[in-house]
Amino acid sequence: MEKTIKRIAVFTSGGDAPGMNAAVRAVVRTATYYDLHIYGILRGYSGMIEGELKRLETKNVGNIIHRGGTMLKTARSKRFMTKEGRKLAYESLLAHDIDACIAIGGNGTFTGASIFSKEHNIPFIGIPGTIDNDLFGTDYTIGFDTAVNTAVEAVDKIRDTADSHNRLFFVEVMGRHAGHIALSTGIGSGASGILIPETDTSIDDLVLMLKKSSKRKKLFSLVIVAEGNQNGGAMEIAEKVKNKFDHYDTKVAIIGHLQRGGSPTAKDRVLASQLGFHAVEGLQAGKKNVMVGIVNNQIKYTPFKKAISSQKDMNQVYLKMAEILAL
Ligand code: F6P
């Protein structure tokens, strides 16, 4: 028979994402509503191993809904990747009588949770929190919308100076393995080109595309590059193409970690609140070792294994549209 859940722990892990605090707030308040005792684990799996747990009450999560970063701190734990590390983590959960955990993070976080769940009997529910939006089982992850808004705002500024100087700008956005940020940023900022890991645009294709747009008397061009693109990041690509365009002065801008910080957008706050709420509801309903997500406006619980191993499709209509609108 399954144990009744009375005490739960929540933690954030992996790269931080704007909206993680809003998710923690929703988890703590929903859990408190159901008379559950809730603990926050500091620094993700590292803190779980070290036994860094603290009791959270509704007042502890006041005034955080609008804050970027994570009040629980985060980490990428090498020790949790070992069996011995996971055993220590299990022992510290037992020492605090934790019956279930809510993990807020991305791919690495759920990979850890999935392995842990096979070795130890403490149910986990995952909340997708990563700017990359690369998890299967949810249309959006917490932080993606804020990151795209930050990137678009930056590209708008670059556009002004690119226009003034007739420059070809390669702007690099985050996304080690996924091009979702680059695609939305490219569409939202009206870029001439978008290079993402999921498509195989060659340097020759890129040069051809840029030549076409310069023939149409485009006086400047913006190309958005996902950091994980096969032909390299923005620096490498600019190096490969700059000699082909003597009428443009080629420049590179890397937005970097700016995309990870800042106050979450309203969309991310609402998403985080919904997922935090439904994570606790899911635990109450007996769900375990699943990630809670929203697909077509419906709450869905997807097994960790599927969420991390299935490829989230690139929106093909977006890809086609981006090409047409760049003409
Ligand atoms: O997973 C989110 C992400 O922001 C990636 O897009 C990026 O490649 C990576 O994290 C950078 O991580 P860190 O800041 O920990 O080096």
Side-chain angles (χ1 to χ4, degrees), residues 11-23 42-47 68-70 72-81 103-114 126-155 170-186 188 194-199 224-237 252-265 268 271-272 275 291 293 304 307-312 314:
F11 63 95
T12 51
S13 158
D16 61 351
M20 279 183 160
N21 280 328
L42 300 179
R43 300 186 308 109
Y45 291 123
S46 302
T70 159
L72 293 177
K73 313 288 181 195
T74 186
R76 291 190 168 100
S77 168
K78 289 219 169 81
R79 272 176 93 195
F80 196 79
M81 290 178 194
I104 307 172
N107 233 288
T109 306
F110 302 153
T111 304
S114 178
I127 297 180
T130 161
I131 64 166
D132 290 342
N133 200 27
D134 58 347
L135 289 163
F136 182 87
T138 191
D139 289 340
Y140 295 103
T141 56
I142 297 165
F144 171 70
D145 187 61
T146 309
V148 169
N149 275 285
T150 301
V152 167
E153 206 183 316
V155 179
F170 290 93
V171 184
E172 184 177 303
V173 295
M174 278 185 161
R176 230 183 327 209
H177 307 293
H180 298 281
I181 298 178
L183 183 57
S184 289
T185 302
I194 302 169
L195 299 178
I196 55 174
E198 294 84 349
T199 57
I224 310 298
V225 183
E227 62 175 329
N229 175 62
Q230 303 98 328
N231 292 303
M235 285 283 194
E236 283 164 87
I237 292 180
V252 171
I254 298 175
I255 305 179
H257 286 78
L258 277 179
Q259 291 155 98
R260 286 254 291 266
S263 183
T265 58
D268 271 331
L271 177 67
L275 296 179
M291 181 195 85
F304 282 141
I308 55 183
S309 60
S310 307
Q311 173 82 17
K312 180 177 197 163
M314 267 287 140

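Ligands are counted one by one from 1 in listed order, and the atoms in each one are counted from 1 as well. Keep in mind that the numbers below use all heavy atoms, side chains included, and drop hydrogens, waters and symmetry copies.
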Please state whether the rings of His180 and Phe144 are parallel, tilted or perpendicular, taking 30° and 60° as the class boundaries. perpendicular
Taking salt bridge (charged side-chain N to carboxylate O under 4.0 Å, His left out) as the test, write out the residues that go with Arg76, two or more places apart. none
Could I get the full list of side-chain hydrogen bond (donor to acceptor under 3.5 Å, both in side chains) partners for Thr74, not counting sequence neighbours? none
My understanding is that only residues two or more places apart in sequence, or in another chain, count here; which of them pass side chain to side chain contact (heavy atoms under 4.5 Å, CB included) with Asn149? Asp145, Thr265
Between Asp134 and Lys312, is there a side-chain N and carboxylate O pair less than 4.0 Å apart? no
Ligand 1: protein residues within heavy-atom distance under 4.0 Å: Arg76, Ile131, Asp132, Met174, Gly175, Arg176, Glu227, His257, Arg260
Looking only at non-hydrogen atoms, find the nearest pair between Ser13 and Thr109 and report the distance. OG-OG1, 3.0 Å
